[in-house]
Structures are given as structure tokens and as C-alpha cells.
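The sequence lines fix the lettering, A, B, ..., with proteins before strands; numbering per chain opens at 1.
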2 protein chains.
Amino acid sequence: MTTEPVRLLLADDEHLIRGALAALLALEDDLTVVAQAASGPEALAMAQAHQPDVAVLDLQMPGLDGIEVAGRLRRLAPDCRTMIVTGHGRPGYLKRALEVGVRGFLPKTVSAADLAGIIRTVRGGGRYVDPELAAEAISAGDSPLTPRETDVLELAADGASVAEIAARAALSPGTVRNYLSSAAGKLGAENRHAAVRLAREHGWI
Amino acid sequence: MTTEPVRLLLADDEHLIRGALAALLALEDDLTVVAQAASGPEALAMAQAHQPDVAVLDLQMPGLDGIEVAGRLRRLAPDCRTMIVTGHGRPGYLKRALEVGVRGFLPKTVSAADLAGIIRTVRGGGRYVDPELAAEAISAGDSPLTPRETDVLELAADGASVAEIAARAALSPGTVRNYLSSAAGKLGAENRHAAVRLAREHGWI
DNA sequence: GGTCGGCGGTGACAAATGTCATCGGGATCG
DNA sequence: CGATCCCGATGACATTTGTCACCGCCGACC
């Protein structure tokens, strides 16, 4: 298909994984890893410096997560296709990823051969989404929460009291309680803490 | 040092990682991967079937986690040394791991060369613990919670109400509140949800 | 034997939270 | 223009939670 090798950027904060992945992908004749990064900002810098064809990004990284990196890459390096590899596949993440132009989204349970194939697909302009994650995302659907409800629920995520949340969100405590109550109601949760857990599981916060 | 190669068992639920790791370790002349597993129970079965010298276990796996597998391996295959590789290094995990006889505990941020060296160390009867994780574990110290407080806090972890916890723990609601209050006090938390978060961060629940 | 700490419980009180009705201001859409 | 929805807020009320004091029982330790 293509005569020149695919130039890859690999970003993952776990050296062991990244190194192993690089070694594995290097075995493929038509793939070459031109840069590696251990954090979100580093990935951006590397992408600008090396102009890879495809960036393989881990979802959870220090600094910026993979999705944010992908979003910024679209501006900084429009020719670079992006794909996300993740351990925990929360449905909401997939949606967010697709919105910022990610072309591949897969769990770390895929085999190396599959990964190489998907990289070629993405390089060629195609897309790939793990079928299981896609099914979950479709069945989970969109977040029923309004933007404000989401904000407030996020602030509640670490166990803060209503007063703290109100202070941090610059809202009245009563309003915060209303949002939390409404969010918990929409999520079918007994209280806001269960709501936080549910929203997390769906990738909505 | 040794004339025969080290026989390895690799257990990790992420195929991509496991495969890449296997490929990487296979490059070392004195290491040979004799079995792989994608879950805790599978790791146990593989260990019995292949009697490896060293078992490299991921901490988070379906079924049984790496520490539980290590604990059972000590009985099922006493000659097999165990080591844990983990992405998130919570201090409490290290302590639990050492208690069940794990000889190596390291984050996934180590390089492949280091991993190979540590495998040799462990095979030779030595131990290795990541310095950073060790420091955290020492500074974090033991859990200040009594066994019962820990139980109740665990039951509170998913946002359950006092009544639910009481029912599940077969305790009076008042007693549950007392334990939660005391646990939150010991942890310096504002409420039980923050206490849950803190206890989680320390690996105490 | 006495002391101490963990366990399990009760009762009471204050504080935080959940729930509901209701209000006004904007934005958006038909 | 009216309908609808999100935003932000207030007030009132019931419920839940947090906190404290205090009880008895048991086991460990000095």
C-alpha cells in the first residue's frame, strides 16, 4: 500500500509498557517509532518536533490526559492522526475522544498484531473503535446531566461538603444542593456519593 | 551465574502489555517465558502446570488480584518466587504483598532492562522493592483503623447509606455511625466519604 | 486483680443533607 | 409570542449523618 514506513509517536507514562510496545512495533517492517513521551505535555512537544504520522496515546497520563493531547494535536499537527489506548474503557471517554478527532480507540487487551493492523488502518485515514467499548458507549448513551450539574458533581467527587462545593463553584449552598439532588435523581442514586460513583463508571465526570 | 535459564510465568490481564513484555524478556538469553495468564485463577493453574522459577504478577487482575495469587502460590508452588508489577503504587499494597512472601514489588515505570535485572535478583533469592514505593509505605505507616472500622469503611465505599451498611454488616445503625465517626476522626477527614478516599489512597481498604 | 482497648449497643442533640415548591432572568426554538 | 429549558437562588421541611456520653462484655496484658 504505502512505500514509506509509518512514523509513530508513543506516549505512555509507564516506561515498561512504552518500551515493550516500542520494541514490539519495531518488529513490523512498515512501522517505525520516531518519538516517545511519558507525559501529556511531552507528547505535544515530541509531536511538534518529529511530526509523526500517527500518535498512539495512553488515556491516563500525568499533565494532560490522552484525549486533551489529541485535541491539541489537531491544531498543532493537523496531519498527525491520533489514537487512544486505554486500560479502563469508560464509555464517556470514547465519546469525548471521537469529538476531538481521535481515529482509533482500543483497550490494552488487544494483541500486538491487532494494534499494528489498526495503526495501518488509522494511518490510511480509516477509523477503528473497539467493538465492546462501542457497544457500551451506545447502550450507556449521553450523560443526562446538564453542564452545571456535571461541574457540581465533579466538585463533590472527593467528599467535599456542600459548603466547600458552593465556595469553589461560587454558588449558593442551596443551589448546590438542588443540583446535587437533581443529578442524583437523574442517575437513580440514593445520594450524591453514589451518584459520583455512577457518573464515574459511565465516564460522565 | 546460573547455567539454566530462568523460567517465568507472566500474569497480566492486558494482552498488549503481557505480549509486549514477553517479547521483550525473551530477548534476554537467560530468561524464558514458560507460561502466561490473563487472570488470577488462570495464573494459579499455569503455575501448577509449569512450575516456573519466578511469577511476575500484575496487581490488578480479574478474579484474584496479584497479591492473593502470590499468597496462594506460596502454598501451591513453594519454590516459585513471586513479584508484583503495578501501575498504581498504593503503600498499603506493598505491605500486604510483603506479608504474603512477595520478593519483588515495582511500578510499571521501570525500564525493561531493570525488570530483567530484578527478575534475576529475585530468582537468586534476593528481594527488590521500588525505593519510592518503599519510602511512601514507611511514611504512610500502618493503618490506624481497627479491623471493624476498616470493614465498615469498606462497606461505605460505594456510597451506601448507614442503614444499608448496618444491614450488610449485621450491626446496629448506631454502631455503624460510631465506627464511621471514629474512623473519620482518626483519618482527619471531614466525613466518611473523604475518609473512604483517604483510606483508599493509603491502601488501607 | 486491675487496666486498657476493641466490640456492640443506646440515647440525645446538633449539623449536614435531601427534597420540594417557587421565583426571576436568559436563551432557544417553533 | 409563547413554550421550554437551564441557571441561580430562597425558604421550609424531613431525613440522614456526625458527635458525644455512657453502658456492658470480653480478652489481653501487667
Whether over 12 other heavy atoms sit under 6.0 Å from Arg120(B) CZ: yes
Glu132(B), CD atom: more than 12 neighbouring heavy atoms under 6.0 Å: no
Inter-residue atom distance Leu16(B).CG - Lys108(A).NZ, 0.5 Å rounding: 8.0 Å
Nearest-0.5 Å distance that lies between atom CD in Glu14(B) and atom CG in Asp58(B): 6.5 Å
Among dC7(D), dG18(D), dG6(C), the nucleotide that comes nearest once only the side chain of Asn191(B) is considered: dG18(D)
Can you check the [X] [atom1] to [N] [atom2] distance for me, whole Å?
X         : N       : atom1 : atom2 : value
Glu149(A) : dT19(C) : CD    : C1'   : 15 Å
His193(A) : dG18(D) : NE2   : C1'   : 12 Å
Arg148(A) : dC6(D)  : CZ    : C1'   : 11 Å
Glu190(A) : dT17(C) : CD    : P     : 17 Å

Residues touching DNA chain D, which here means a heavy atom under 4.0 Å, drawn from residues 156-181 of chain B: Ser161(B), Val162(B), Arg177(B), Asn178(B), Ser181(B)
Terminal helix-axis angle for the helix from dG1(C)-dC30(D) to dG30(C)-dC1(D), with five pairs defining each axis and rounding to 10 degrees: 30°
Side chain to side chain contact (heavy atoms under 4.5 Å, CB included), paired with Met46(A), selected from Val34(A), Leu10(A), Leu9(A): Leu9(A)
Side-chain H-bond candidate by donor/acceptor type, Ser161(A) with Glu190(B), under 3.5 Å: no
Any donor-acceptor N or O pair under 3.5 Å, side chains Asp114(B), Ser111(B): yes
Test salt bridge (Lys or Arg N to Asp or Glu O under 4.0 Å) applied to Arg96(B) and Asp65(B), step by step: CA-CA 12 Å; Arg96(B) 278 175 50 209; Asp65(B) 73 22; 3.6 Å; yes
